[in-house]
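Both ligands and their constituent atoms are indexed starting at 1 by order of listing. A quick note: this is a predicted structure, and the numbers were derived from the prediction, not measured.
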Amino acid sequence: MKIYRFLWEQKELYGVLREGLLYPLRGSVFESSEIEDYCIPIGKVKILPPVTPTKIIGVGVNYRDHAQEMGRTLPEEPLIFLKPPSAIIGPNEAILFPRMAHRIDYEGELAVIIKKEVHDLDDEADLKQVILGYTCFNDVTARDLQLKDGQFTRAKSFDTFAPCGPCIATDLDPSHLTLKTFLNGKLRQSASTSQMIFPVYFLIRFISRIMTLYPGDIITTGTPAGVGPMNPGDRVDVQIEGIGTLSNIVLRVREAEKA
Ligand code: MG
């Protein structure tokens, strides 16, 4: 099922989408929840980012073809980094081009949403119990600053650099989903998640052995080949089979302040 987080009559709700209608959930989406018997047309609500995580863990160079295009050797272990939760925006919100950067890139990615608190998962752990679902993610990166700094924090942490959504798709097999990124409607990235160097379940086990994962935490699993720059006025769509499309536009910081 597809679970949306949305704003309706000043309330933040989770709801399940059925035939264009959102049926709110009563109780915690991370524990047990029941579906209410009333519904709201999806066009009447503001869709919010699917979660408010304690952290977003990114994975660098997790597709062979992207490693090639970046001139990187294949990692022997996952290369992880953090993005701050303050960078999150939802569907149709604007990615702001920072004054400090000269080039910002889209990176379409499959993101995992954690369901329960876990740490140090063993090889036998049932990962399906740990995952609430999957969403689309754009790991926006100031490429010039990433190269200049030699590490990722500044380049990946600007406000608005973590668009995600539009929903949490449960019951998906993450091992062979088609992922596509479009810039102004033109296809720029097209891959299968089967091309990941370290697959989703491996990543969750690996990260849980480093840090405790909490309900709502996001792991974004890396981008395939085809990354490229976005400019003010551009629109970028990340589309993943079984989830849907995450759309955002790019604005210069100054334009957004005027709007
Ligand atoms: Mg990335």
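- Remark: K55 NZ is packed, more than 12 non-hydrogen atoms of other residues, nucleotides or ligands lying under 6.0 Å away.
- Judged purely by atom type and a 3.5 angstrom limit, D139 has no side-chain atom pairing as donor or acceptor with the backbone of E107.
- At least one donor-acceptor pair under 3.5 Å links the side chain of T223 to the backbone N or O of G108.
- As for E107, its N/O/S atom nearest the Mg ion (ligand 1) is the one called OE1.
- Within E109, the N/O/S atom positioned nearest the Mg ion (ligand 1) carries the name OE2.
- In terms of distance to the Mg ion (ligand 1), the nearest N, O or S atom of D139 is named OD2.
- Not a single donor-acceptor pair under 3.5 Å links the side chain of S208 to the backbone N or O of H119.
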